[in-house]
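What follows is a short report on a single structure.
What you see below is based on every heavy atom in this structure, not just the backbone, and it leaves out hydrogens, waters and symmetry mates.
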Amino acid sequence: MKTVISEKFKTLFGGEGQFYASAGRINLIGEHTDYNGGYVFPGAIDKGILAELALNGSDKVCVFSIDIDEYVEFGLNEENAPSQSWARYIFGVCRETIKRGGKVAGFNAVFAGDVPLGAGLSSSAALESTFAFAINDLNGNGIDRFELAKIGQATEHNYCGVKCGIMDQFASCFGKKGSLIRLNCKTLEYKYFPFNPEGYRLVLVDSCVKHELASSAYNKRRQSCENAAAAIRKNHPDVEFLSDAKRLWLEEVRSEIPQEDFLRAEYVIGEVQRVLDVCDALERGDYETVGELMYQTHFGLSRLYEVSCEELDFLNRLARKMDVTGSRVMGGGFGGCTINLVKDELYQPFVDAAVSQFTEKFGHAPKIYDVVISDGARKLQ
């Protein structure tokens, strides 16, 4: 990929630039906890965005996307926003840097990526983090990684129309090889935990389906959580988010809230604890417990939070049947991937069975992605 980028850069702009990279991410456990003020547990992966950049002495940005095979130029003022959706991510990063007092001089860039699109691995955060890091470095702005993550998040909010949380950009900026990051979404405190699963592999099985329910259903579940938190708050005023509540406190208001709201809240409170339990297990090197907690999360997402679907439940049951150590739906739900913790010796039998049995039942093959926990945003030497 680096050679292809380099050749295109020379052809378009002459000379050479600096190389920068950032990563997509997985989330091992901690789903639908972010907007409830709870913990998430992501890590950067070995698939991401690679870009070559050089300052061009003008007030214009000139960018070529190898994957889309498209060239775009834009200025750095608000009215210069490009119409191409992919270029708006880069424009947004420039604008959000300027809003924070950072300098952004015109530059040339060529980039490409190997994050599978639509698989829930956050290719957009990888793109934002690559350019946020590169612009910061090239202009000597000295903006810290926390602020770079917020620049990516604000880009989504203000230029791409996505009101996302901070997890994706945080993982892309802070990712560290061999470590997952426990992030408290309420306080933004974070801690690294070792993830070196010798004898195991992380495998994503992409169902290649996305059910239309997703956005309206997401908003409904978010409302359910807020309703439950409000009911608990009457008895326990310190409860700001559902993640602050104890299971017992939810039980106290069971008769006061709809059954649906109760089930959603039951899942979230349980999931917050599961993240902590997984962290404890990793510090002991106990990957069997990690896997069992992943299965518990899938059960909760399927039965209590009701964001799974037939295809994902099928893949999860197959994993359990084949003695895969851990498996769950990853991401918002209603389609996408399962994330699986698989013993080395079971890897090929599991992948073969997943492809053949899923294809037989649903009429199309799933995609398989092996992922390794890797470094986030960085400059390449």
Side-chain angles (χ1 to χ4, degrees), residues 24-32 42 45-47 67 113-124 126 162 168 200-221 260 263-264 267 271 274 290-372:
R25 62 101 192 97
I26 54 100
N27 186 32
L28 188 71
I29 201 160
E31 217 65 80
H32 289 279
I45 58 170
D46 57 338
K47 292 170 175 53
D67 301 326
D114 61 356
V115 189
L117 298 178
L121 298 177
S122 205
S123 54
S124 61
V162 179
D168 295 352
Y200 299 86
R201 291 164 76 165
L202 268 185
V203 185
L204 303 181
V205 182
D206 185 354
S207 67
C208 302
V209 300
K210 196 70 188 166
H211 294 287
E212 286 307 307
L213 274 164
S215 58
S216 59
Y218 169 87
N219 292 336
K220 214 173 157 207
R221 276 150 188 76
E260 188 176 276
L263 293 176
R264 308 302 186 235
Y267 162 74
E271 182 74 347
R274 277 190 289 275
V290 170
E292 189 50 47
L293 289 161
M294 289 169 71
Y295 278 113
Q296 288 179 26
T297 290
H298 185 88
F299 178 87
L301 286 167
S302 180
R303 304 295 174 80
L304 304 176
Y305 221 67
E306 295 183 276
V307 294
S308 189
C309 60
E310 187 186 359
E311 294 90 345
L312 296 170
D313 286 344
F314 176 85
L315 289 169
N316 182 259
R317 282 195 304 274
L318 177 67
R320 180 69 100 175
K321 196 164 74 180
M322 296 195 67
D323 293 325
V324 166
T325 302
S327 176
R328 70 171 191 86
V329 50
M330 186 182 80
F334 305 107
C337 293
T338 59
I339 180 168
N340 304 272
L341 183 62
V342 188
K343 282 184 178 157
D344 286 347
E345 62 269 24
L346 283 175
Y347 170 80
Q348 204 56 54
F350 170 61
V351 166
D352 291 346
V355 170
S356 63
Q357 293 185 35
F358 188 93
T359 305
E360 187 182 340
K361 183 162 177 63
F362 296 106
H364 69 272
K367 291 178 181 170
I368 307 295
Y369 307 118
D370 294 347
V371 292
V372 176

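A distance of 7.0 Å separates CZ in F350 from CD1 in I368, rounded to the nearest 0.5 Å. Atom CZ in R25 sits 14.0 Å away from atom NZ in K47 (nearest 0.5 Å). D114 CG to Y369 OH: the interatomic distance, rounded to the nearest 0.5 Å, is 11.0 Å. Rounding to the nearest 0.5 angstrom, the gap separating the CG atom in L312 from the OG atom in S207 is 5.0 Å. Within the model, atoms CD of E310 and CG of L315 stand 10.5 Å from one another, a figure rounded to the nearest 0.5 Å. The CD atom of E292 sits 10.5 Å away from the OG1 atom of T297 when rounded to the nearest 0.5 Å.
In this structure Y267 satisfies the ring-ring contact (aromatic ring centres under 6.0 Å, His included) test together with Y305, sequence neighbours excluded. Checked against salt bridge (Lys or Arg N to Asp or Glu O under 4.0 Å), K343 has the following partners two or more places apart in sequence or in another chain: E288. For D344, the side chain to side chain contact (heavy atoms under 4.5 Å, CB included) partners at least two apart in sequence or on another chain are R201. Legend: residues meeting ring-ring contact (aromatic ring centres under 6.0 Å, His included) with F314, ordered by chain and number and at least two apart, are F362.
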For side chain to side chain contact (heavy atoms under 4.5 Å, CB included), just list the numbers for M322 and L346, CA-CA rounded to whole Å, side-chain angles, deciding distance to a tenth of an Å, and then say yes or no. CA-CA 8 Å; M322 296 195 67; L346 283 175; 5.7 Å; no
task: Assess whether salt bridge (charged side-chain N to carboxylate O under 4.0 Å, His left out) is satisfied between E311 and K210, documenting all intermediate values.
output: CA-CA 10 Å; E311 294 90 345; K210 196 70 188 166; over 6 Å; no
* Do E306 and R221 pass the salt bridge (charged side-chain N to carboxylate O under 4.0 Å, His left out) test, and can you show the C-alpha distance, the side-chain angles, and the key distance before you say yes or no? -> CA-CA 9 Å; E306 295 183 276; R221 276 150 188 76; 5.2 Å; no
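Shortest non-hydrogen contact noted between C337 and L204 is SG-CB, 4.3 Å. Between L318 and A354, the shortest heavy-atom distance links the atoms CD2-CA, 3.4 Å. Across V115 and G24, no two heavy atoms sit closer than the pair CG2-N, 4.3 Å. Contact record, G113 with D67: N-OD2, 2.8 Å, taken as the closest heavy-atom pair.
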Output side-chain donor-acceptor pairs under 3.5 Å for residues 324-336, partner residues at least two apart or in another chain, one line each.
from: S327; atom 1: OG; to: N316; atom 2: ND2; distance (Å): 3.4
from: S327; atom 1: OG; to: N340; atom 2: OD1; distance (Å): 2.7
from: R328; atom 1: NE; to: L28; atom 2: O; distance (Å): 2.8
from: R328; atom 1: NH1; to: E31; atom 2: OE1; distance (Å): 2.8
from: R328; atom 1: NH2; to: N27; atom 2: O; distance (Å): 2.6
from: R328; atom 1: NH2; to: L28; atom 2: O; distance (Å): 3.4
from: R328; atom 1: NH2; to: E31; atom 2: OE1; distance (Å): 2.8

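Counting only heavy atoms from C-beta outward, the side chains of E271 and H32 never approach each other to under 4.5 Å. Two residues are said to be in side-chain contact when any heavy atoms from C-beta on lie closer than 4.5 Å; V372 and L202 fail this criterion.
Applying the side-chain hydrogen bond (donor to acceptor under 3.5 Å, both in side chains) definition to pairs two or more places apart or across chains, those involving residues 345-366 are Y347-D370, Q348-D352.
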